[in-house]
Amino acid sequence: MKKSTNLLWLVMLALCMSLSSCVDDSDVVNPGEKDPDFKYIIVMSDIHVMAPELLENRGSAYENYLSQDPKLLEYSGEVLEYLVGETLQRNPDLVIIPGDMTKDGELVSHQLVVSILAKLRSAGIPVIVVPGNHDIDNPEGYYFNGDNTRPAVRTSPEQFAALYADFGYNQAYAKDPASLSYVCEPLQGLVLLCIDTDKYEENRFIDKGDTVNYNQTSGRIRPATLTWMLAEADKARAEGKQVVLVQHHNIVQHYDAQGTLQGAYLIDDYENVGKQLMEHGIHMAFTGHSHLQDIAQYRTIADNAQPDSLIDVATGSTISYPNPWRTVKVSNDFTEWHIKTEYVMTIPSLSNVKSTCYKSLYDNFMGGLGWHIKDGWSSINQLRYQLEGMGVPPEFLPQTPEEMTQMLTTYLGDQLTGIFMIYNEGNEWKNPQASILESQLKSNMEQMLRDRAATVGLDETQTEGIVYTFNDMYNMYMEPGVKSMVTDINQYNNPDPRLQSRTDDLDVVLLLGR
């Protein structure tokens, strides 16, 4: 009975959005304390800077935007100023930003980002960026004026490369003809494949004659780009250099069901592409996009029967709970990577950034669920017709998105919100509440189905059939993904224990070969 599976996938979609947690700052490196055997890198991602002039008058238009994606937009420039100040104090050898530089690709927002990052360049600190799905030809770049919006000037691919010329593009020794991807060697012996994974050519614009505005959020590596980057990786490795990937979209699943529940956060055909990267000696990537502070490994068994792996170091958004960024201490041969998490705790205009963002995200969670349900309502209606053909009355599913949201909130709201916030805090396996909430979630889902069946008048046989199918589908398809999430184990259900992995998301030493 396909009904239960599809309803569960829709519910579980709400479990997935952004991520991180807390670690002390006892290993913060200050000027004059650097170990000469190591280089120092700072990684910040999804800074989503919004130029202040875009918010002309706060009103329903702006509030509706935030209801779908709660971020600290009004303070985004100030948060970046804070991070630049911290970076200047620490004087690292390199800064990496894996995309989503702006709220929605407004030219004025990019110009603000460039003006702030210029302080790092003036201090001699290299900064390497790639575009994110928010950054280029985005139809959602608006001025907000009360209940109304009007389009802001958008940023083309050519303008993006020109704006960030001093932040990677002028440092490139090779550029991809098919995209905004490039290769650079910001530190001698470390080659970065900086890949444009965005699909901005698929965006649609009412002001260009399309019927709707549409921003494509999913990503991919173009076939020509993949061929080009693998050839560049081979050249660099032949010269004895370490090759690391920098791109916006994730390359590795961060829990086993991410490809199904959050496919837009991964590049298309991620598993096949990942295997090709490993074959060409690429074993680590810095990514963003999912607002996830998580480090995930994908493992395979190579010809010599030893596991090979690709590590995805995803960094969360600096303006979304828990406001993380990363400090990296890497050996001079780029084989030993010490990666720590830090947080934006306070800025001049906001004394407690994390608690403000926590409340915003927590309060918004069920509203976000409602938005996902409304967005996928056509699929739910298709499911309704399938159920009718199986003898289940179409009214078994609520008749409106609002009713569906209310039902899920009543039965699952506490569990969904609790799991979601733990997921955002990273290292889920260290929080005993995660597995408790997962067990409660399954039980409450079953009760929801029974009560719904009674409401629409199904007999006992029909009800037990639905519940049986639910449990069968949950155990077969859902539980491995949920268990992977709450235990923070990748390839959780793999019978070969060598392929299962748990990596500390917040404070870890990673070892790479050459």
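With contacts defined as side-chain heavy-atom distances shorter than 4.5 Å, the pair Asp308/His283 qualifies. Proximity of Thr318 to Asn323: side-chain heavy atoms (C-beta onward) are nowhere separated by under 4.5 Å. Put simply, the side chain of Thr503 does not reach to within 4.5 Å of the side chain of Asn490, judged on heavy atoms. Side-chain contact between Val79 and Ile347 is present, with at least one heavy-atom pair separated by less than 4.5 Å.
Ring geometry for His110 against Phe160 counts as perpendicular: the plane angle is over 60°, on a 0 to 90° scale with 30° as the lower cut. Between Phe144 and Tyr65, the angle of the ring planes goes over 60°, which puts this pair in the perpendicular group of the 30/60° scheme.
Checked by atom type and distance alone, the side chain of His289 pairs as donor or acceptor with a backbone atom of Ala264 at under 3.5 Å. Under a 3.5 Å cut-off, the side chain of Asp210 and the backbone N or O of Val212 do not form any donor-acceptor pair. Looking only at distances, a side-chain donor or acceptor of Ser484 sits under 3.5 Å from a matching main-chain atom of Ile489. For the pair Asp100 (side chain) and Asn133 (backbone), a donor-acceptor distance under 3.5 Å is present. One N or O on the side chain of Gln253 and one on the backbone of Gly259 form a donor-acceptor pair closer than 3.5 Å. The backbone N or O of Asn148 sits nowhere less than 3.5 Å from a side-chain atom of Asn145 that would complete a donor-acceptor pair. Side-chain atoms of Asp93 never come within 3.5 Å of backbone atoms of Lys39 as a donor-acceptor pair (strictly under, hydrogens ignored). The backbone N or O of Ala314 sits nowhere less than 3.5 Å from a side-chain atom of Asp294 that would complete a donor-acceptor pair. In this structure, His48 contributes its side chain and Thr102 its backbone to a donor-acceptor pair below 3.5 Å. Using modelled atom types, no side-chain atom of Ser309 and backbone atom of Arg299 make a donor-acceptor pair closer than 3.5 Å.
Side chain to side chain, Thr341 and Gln293 meet the donor-acceptor criterion of an N or O pair below 3.5 Å. Looking at Asn250 and Gln258, their side chains do bring a donor and an acceptor atom within 3.5 Å of each other. With hydrogens and angles left out, the side-chain atoms of Ser349 and Glu78 include a donor and acceptor closer than 3.5 Å. In this structure, a donor-acceptor pair under 3.5 Å is absent between the side chains of Gln247 and His249. Asp135 and Tyr164 form no side-chain donor-acceptor contact under 3.5 Å, judged by distance and modelled atom types alone.
The neighbour count for Gln188 CD, taken as heavy atoms of other residues, nucleotides or ligands under 6.0 Å away, does not exceed 12.
Here the straight-line distance linking atom CG of Asp488 with atom OH of Tyr255 works out to 12.5 Å at 0.5 Å rounding.
For His254 and Tyr265, the gap between ring centers reaches or exceeds 6.0 Å.
In this structure, Arg220 does not pair ionically with Glu202, as no charged nitrogen and carboxylate oxygen lie closer than 4.0 Å.
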